[in-house]
Asks: 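Input: one structure, supplied below.
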There are 2 protein chains.
Amino acid sequence: MRKDVRESTALDDMICFQLYAASRGMTAIYRPLLDPHGLTYPQYLVLRVLWHDGPTTVRDLGHTLRLDSGTLSPLLKRLETQGHLRRERQTHDERVVTVHLTATGVALREQIGDLTRQLVCATGLTLDELAQLNHLLSRARGTATLPPKG
Amino acid sequence: MRKDVRESTALDDMICFQLYAASRGMTAIYRPLLDPHGLTYPQYLVLRVLWHDGPTTVRDLGHTLRLDSGTLSPLLKRLETQGHLRRERQTHDERVVTVHLTATGVALREQIGDLTRQLVCATGLTLDELAQLNHLLSRARGTATLPPKG
DNA sequence: CGCAATTCAGTTGTGCACAACCGACCAGTG
DNA sequence: CACTGGTCGGTTGTGCACAACTGAATTGCG
């Protein structure tokens, strides 16, 4: 009945919409998994970086997640209010703010556990297809080699 | 030096971040192309549907783009303020709001022209890779078969 | 007909995302 | 020391995105 965007014109436009819709669909899958812990998907990404890399700075978080301070500042403030992390100015360079987990922030990792299996099932793709998808996405500019500002 | 999210754990988590980053990177590529016309990427998507399918309703737009009225209502109001479209209540069912382009909204299609070539170049992928990517994304749940609310 | 359930668009509130801008801060130079 | 250019994090303003809700309108059922 209704015509879909996918039919309309060129391949790349299709893909842009697919990316856009898939990204929102993915966060929609994460939402019920993270909501019980009071987290959003971007907040979960920040915690993952801290769990994996340890204490870091706002600047490095921005580079890793490709987000600017306008996004990270309020997000980190919310995570600090929840007691998951703390922010501190570096003494020798007061422009830099370091971010490190609290005990509850570290403990949250175990409470959330492994979302992998649930996520794989939710996508409905095979492991082989997921590997292909990852390969293509990491090859595309805008993810691996082309951050927002070059 | 810094470790990347991509290294951290499982395949699907990698892909979720890749999707998230790729989607934002894609809109970042569209931004300078659409900004001269005073449009955002979601607004451009709405116009594309109207250009291709003709007059439609808020409900059908939501189904096609997988967006709810909370997103579409203010977005359509902004497009109406810009003079690109008009919204009207259906006479025989006043719950339904029909959306149709104005003359300037139709003309905008030619003014914007074909973004395809610029987009393909911006991704840095080959046409074959784009086709694979499209195939995988359309196979994944959350895009084709699993809208936010099942 | 009368009334409950459903279908719509819209509103409210929260949280990203990003451009533009700001002020503090640091390093280098004279 | 004062001056200059660049580096930081933060703020402001705009625009999505979505959950939850509102209220009008319609449909279905007895």
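A, B, ... follow the sequence lines: proteins, then strands. Residue 1 opens every chain.
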Asks: Taking ring-ring contact (aromatic ring centres under 6.0 Å, His included) as the cut-off, I'd like each qualifying pair that reaches into residues 80-108 of chain A, sequence neighbours left out, listed once.
Replies: none
Asks: B:Leu75 side chain: which of D:dA17, D:dC16, C:dA17 is closest?
Replies: D:dC16
Asks: Quick one: B:Gln82 CD to D:dT14 P, roughly how many Å, whole number?
Replies: 14 Å
Asks: Can you tell me how far C1' of D:dC16 sits from OH of B:Tyr30, to the nearest Å?
Replies: 17 Å
Asks: According to the interplanar angle, ranging from 0 to 90°, do the rings of A:Tyr44 and A:Trp51 count as parallel (below 30°), tilted (30 to 60°) or perpendicular (above 60°)?
Replies: perpendicular
Asks: Taking only the side-chain heavy atoms of B:Gln43 (C-beta and beyond), determine which of D:dC16, D:dT26, D:dA17 contains the nearest atom.
Replies: D:dC16
Asks: Rounded to whole angstroms, how far apart are CG on B:Asp68 and P on D:dA19?
Replies: 7 Å
Asks: Using whole Å, what does the distance between atom C1' of nucleotide C:dG15 and atom CG of A:Leu45 come to?
Replies: 14 Å
Asks: The criterion is salt bridge (charged side-chain N to carboxylate O under 4.0 Å, His left out); which residues satisfy it with A:Arg95, sequence neighbours excluded?
Replies: A:Asp93
Asks: Expressed in angstrom and rounded to an integer, what is the separation of A:Leu67 atom CG from C:dC18 atom C1'?
Replies: 10 Å
Asks: Can you figure out which of D:dC18, D:dC16, C:dC16 approaches the side chain of B:Pro42 most closely?
Replies: D:dC16
Asks: Please identify each residue that fulfils salt bridge (charged side-chain N to carboxylate O under 4.0 Å, His left out) with B:Arg89, with sequence neighbours left out.
Replies: none
Asks: Give me the distances for all protein-to-nucleotides 9-13 of chain C N/O pairs that come in under 3.5 Å?
Replies:
residue: C:dA9; atom: OP1; partner: B:Arg59; partner atom: N; Å: 3.0
residue: C:dA9; atom: OP2; partner: B:Arg59; partner atom: N; Å: 3.3
residue: C:dG10; atom: OP1; partner: B:Arg87; partner atom: NH1; Å: 2.9
residue: C:dG10; atom: OP2; partner: B:Ser73; partner atom: OG; Å: 2.9
residue: C:dG10; atom: N7; partner: B:Ser69; partner atom: OG; Å: 2.7
residue: C:dT11; atom: OP2; partner: B:Lys77; partner atom: NZ; Å: 3.0

Asks: Please state how far atom CG in B:Asp35 lies from atom C1' in D:dG15, giving the value in whole angstrom units.
Replies: 12 Å
Asks: For residues 68-77 of chain B, run the donor-acceptor check on the side chains, cut-off 3.5 Å, and write out each pair with its distance to 0.1 Å, sequence neighbours left out.
Replies:
residue: B:Asp68; atom: OD1; partner: B:Gly70; partner atom: N; Å: 3.3
residue: B:Asp68; atom: OD1; partner: B:Thr71; partner atom: N; Å: 3.2
residue: B:Asp68; atom: OD1; partner: B:Thr71; partner atom: OG1; Å: 3.3
residue: B:Ser73; atom: OG; partner: B:Ser69; partner atom: O; Å: 3.1

Asks: Atom CD of A:Glu94 and atom P of D:dG9: how far apart are they, to the nearest Å?
Replies: 13 Å
Asks: Could you tell me whether the phosphate oxygens of C:dC25, OP1 or OP2, come under 4.0 Å of any side-chain nitrogen or oxygen in A:Gln90?
Replies: no
Asks: Think B:Thr40 has a side-chain N or O under 4.0 angstrom from the OP1 or OP2 of D:dC16?
Replies: yes
Asks: B:Tyr41 OH to C:dC18 C1': how many Å, rounded?
Replies: 17 Å
Asks: What pairs with B:Glu129 under salt bridge (charged side-chain N to carboxylate O under 4.0 Å, His left out), at least two apart in sequence or on another chain?
Replies: A:Arg139
Asks: Taking atom CZ of B:Arg86 as the centre, does the number of heavy atoms from other residues, nucleotides or ligands within less than 6.0 Å exceed 12?
Replies: no
Asks: Taking only side-chain nitrogens and oxygens of A:Tyr20, does any of them come within less than 4.0 Å of OP1 or OP2 of D:dA17?
Replies: yes
